[in-house]
Amino acid sequence: MNGVVAAVSSHFDSNTMGNPLFSATSPVPPSASSTTEGSRDKKALKATCQASKPKPSLLAVFKTIQLAIVLLSLLAIGVMVGVFMPQEGLVELSQIKAQFGQWYRPLRAMGLFSVYSSPWFIALEVLFFFNLLFGSFMWLRPAWFAATRVVYSGPEHITADKHHFVMESPLPASEAQAIAVNTLKKHGFWTHIETPDLKVSSNNPIKTALRAYGHQWSISRLGPVVAHVGILLLLIGSLMGAFTGFKAQQLMVPGDPVQSKASFNGLDTFTPNVNASVWLGSRPDWQLKLHRFDIEFYKTDPTTPKQYESDLEILSADGKQSLARQVVSVNHPLSYDGVMLYQASFAPTGKLFISVNGKPVVAQVNSQFNNRPIAMVPLGNINNNRSLFVFPFFVQKDPGVTKNSLRVFVHDGKGFVGAKKGKMPPNIMVGQGEFGNINGITVGYQKPELATGFQIKKAPETGLVYLAFLIISVGTALCFFAQRRLWVAIEPLSEAPHDPLYDPLLKTGACLSLSYTTNKAWIGCHQDMQRLKTELEKNLSTEKKIS
């Protein structure tokens, strides 16, 4: 989160570049500087100062941090709504309607069931994108210079800084510089050395100071930049998915011939991510065919599916050419042409495969009895025009049912055969794969026909979104590190004589000045600088030369 906040706010950091030893001061307004003996009216001065301020342009207002915070807050609220409200494509439409009843239509018109593709959420994304994009022109170049620019300072500037220390060494300046640079490297500093022009002439005074610059984790100053780029990529991906992606659902039954209803022009539901009038995507022209659907339940819990999978094939538009075929299961979708097909659900179609006296019969749930769906199976003249009343029970659909089963009654057109007043008519319960006998009629239950539901989704932004989150993570991680910078100046202890042949770098005795700064974690920085100072004092106190 630090990286995101830093990325949003960093384009208002006017101090991300330049040497911290120097600071610019704003000029005093002429009206204030010309005040004599305090006689100028304060209200008039205030009015003059306010009138002299330039009015911000629309572009300047558009890229402000205040607008960014407002937009980011609204987007966060939208995400929370998308988390707590059921979203179409993830929850069955019938479930949403049943849950919200008469409120379904107004809430759907507000886009609360498809938040991430609603016009208001997309508008917020577009505004936030351009807010970040325009703001980046203010902070991108300063942040780059803050991370990459090498700055040297002389002893007069170093000693004027608040955080500095000075030490002396009996070693010549050149050796003292080599020791100091090696010590800085051992402490993890990247170092740069400036070699001054030591040529002596009447027009060129002797320059005796050797200057060096060191830095740690300067790349951390690019953390907000990296996170900012990740956010921009995330918004681009989101807009790409909104205007070219779609969601669809399709129920399919194994063995059905490929028909137009199984193509993308006749799916059960097909929903572009935005209004169809502005949608820029296209429907695939291939067809689907389901060869097989299997479902497996846990042995210890027969009401909970362990796995269900489908042998799914994608055919060309005319249905003659196979384009792809795969066994699709939960968490193992079929991917083709940028479209993902997920195994989403299953449901009975109402078709029952049974046998009556050894003959296979396909019973269809086509009637109701006491508001309960049933299948009526006529037995014909050989059974005095009797019929079987078949009540199906399905796992997961009917409470307490642990096995697909049928409860079978015999009806003669006037009533249930063998029924007695106040008692349940004679019946049998037949489980899947079992047989039973009622009134001399043997009934077997092979299986119910199950349709499987596929969630079909095109999300072209997926790869870009993953990349964006990776970049944001890297940028955020960089923001945890503190950039440290230090400046070193080494000069001989005494002034050099006016001798054209004198080389001040060979004179024994040098004075080292060092100042430092950091953009965060000052306590840790002070402690590390004290350790560095102790080590420098120890190393510079010896007469031993550096090889």
Side-chain angles (χ1 to χ4, degrees), residues 15 18-23 146-196 198 207-221 223 477-496 503-547:
N15 299 317
N19 192 335
L21 301 175
F22 302 93
S23 62
T148 61
R149 194 168 67 168
V150 176
V151 182
Y152 298 100
S153 291
E156 67 279 4
H157 298 299
I158 291 177
T159 55
D161 186 51
K162 178 181 179 181
H163 306 291
H164 78 277
F165 54 81
V166 179
M167 62 184 65
E168 295 181 358
S169 172
L171 301 176
S174 58
E175 292 187 22
Q177 181 192 51
I179 291 175
V181 169
N182 285 342
T183 304
L184 293 178
K185 289 181 179 179
K186 290 180 181 179
H187 281 252
F189 283 91
W190 292 80
T191 57
H192 305 269
I193 301 173
E194 179 193 54
T195 304
L198 297 175
K207 298 179 181 179
T208 58
L210 299 177
R211 305 196 301 181
Y213 171 75
H215 59 93
Q216 281 182 337
W217 285 107
S218 290
I219 194 175
S220 67
R221 297 302 293 264
L478 288 177
C479 291
F480 281 100
F481 297 94
Q483 181 198 31
R484 294 178 179 176
R485 297 190 292 170
L486 53 82
W487 294 264
V488 180
I490 302 175
E491 55 184 344
L493 286 174
S494 59
E495 295 182 359
D503 187 351
L505 296 183
L506 298 179
K507 179 166 180 65
T508 301
C511 178
L512 181 144
S513 304
L514 186 147
S515 66
Y516 58 91
T517 186
T518 183
N519 63 335
K520 63 180 71 173
W522 272 102
I523 295 178
C525 181
H526 289 317
Q527 294 173 347
D528 290 342
M529 290 301 107
Q530 289 301 317
R531 287 189 286 267
L532 175 63
K533 178 183 178 182
T534 302
E535 187 170 346
L536 281 173
E537 289 175 341
K538 177 181 177 181
N539 294 341
L540 293 174
S541 64
T542 177
E543 295 281 353
K544 185 178 179 180
K545 295 185 178 181
I546 299 298
S547 58

Please check if atom NZ in Lys185 has more than 12 non-hydrogen atoms from other residues, nucleotides or ligands closer than 6.0 Å. no
Enter the distance from Leu512:CG to Glu537:CD here, rounded to the nearest 0.5 Å. 10.0 Å
Does one side chain, of Gln483 or Ser220, offer a donor that lies under 3.5 Å from an acceptor on the other? no
Heavy-atom nearest pair, Ser153 first then Ala489, reads O-CB, 3.9 Å
Could you state the interatomic distance from CD1 (Ile179) to CG (Leu536), rounded to the nearest 0.5 Å? 9.5 Å
ring-ring contact (aromatic ring centres under 6.0 Å, His included) against Phe165, all qualifying residues, sequence neighbours excluded: none
Set of ring-ring contact (aromatic ring centres under 6.0 Å, His included) partners for His526, sequence neighbours left out: His163, Tyr516, Trp522
Passes side-chain contact (heavy atoms from CB on, under 4.5 Å), Val166 versus Leu514? Steps please. CA-CA 6 Å; Val166 179; Leu514 186 147; over 6 Å; no
Distance-minimising heavy-atom pair for Lys538 and Ser541: O-OG, 2.8 Å
Test item: Ile219 and Arg221 side chains (from C-beta on) under 4.5 Å apart, heavy atoms: no
In Å and rounded to the nearest 0.5 Å, what is the CD to OG distance from Glu175 to Ser169? 8.5 Å
Apply the side-chain contact (heavy atoms from CB on, under 4.5 Å) test between Gln177 and each candidate in Leu210, Val488, Leu171; give the one that qualifies. Leu210
Using the side-chain contact (heavy atoms from CB on, under 4.5 Å) rule, take Tyr213 and Leu486 through it: C-alpha gap first, then chi angles, then the decisive distance, then the call. CA-CA 6 Å; Tyr213 171 75; Leu486 53 82; over 6 Å; no
What orientation do His215 and His192 show, parallel under 30°, tilted 30 to 60°, or perpendicular over 60°? parallel
Does Ser513 reach the side chain of His164, with side-chain heavy atoms less than 4.5 Å apart? no
Can you give me the closest heavy-atom contact between Arg211 and Gly154, atom names plus distance? NH1-N, 3.4 Å
What do the steps show when you test Gln216 against Phe481 for side-chain contact (heavy atoms from CB on, under 4.5 Å), and what is the final call? CA-CA 9 Å; Gln216 281 182 337; Phe481 297 94; over 6 Å; no
Taking the side chain as C-beta and beyond, is there a heavy-atom pair between Thr518 and Arg485 under 4.5 Å? no
Cys479 SG to Trp217 CH2 distance, which is reported to the nearest 0.5 Å: 12.0 Å
Test log, rule side-chain contact (heavy atoms from CB on, under 4.5 Å), inputs Arg484 and Thr517: CA-CA 6 Å; Arg484 294 178 179 176; Thr517 186; over 6 Å; no
Strictly by modelled atom types, are Glu535 and His187 linked by a side-chain donor-acceptor pair under 3.5 Å? yes
Atom pair CD/CG of Glu168 and Leu540 - distance to nearest 0.5 Å: 11.0 Å
Nearest 0.5 angstrom please: Cys511 SG to Met167 CE, how far? 9.5 Å
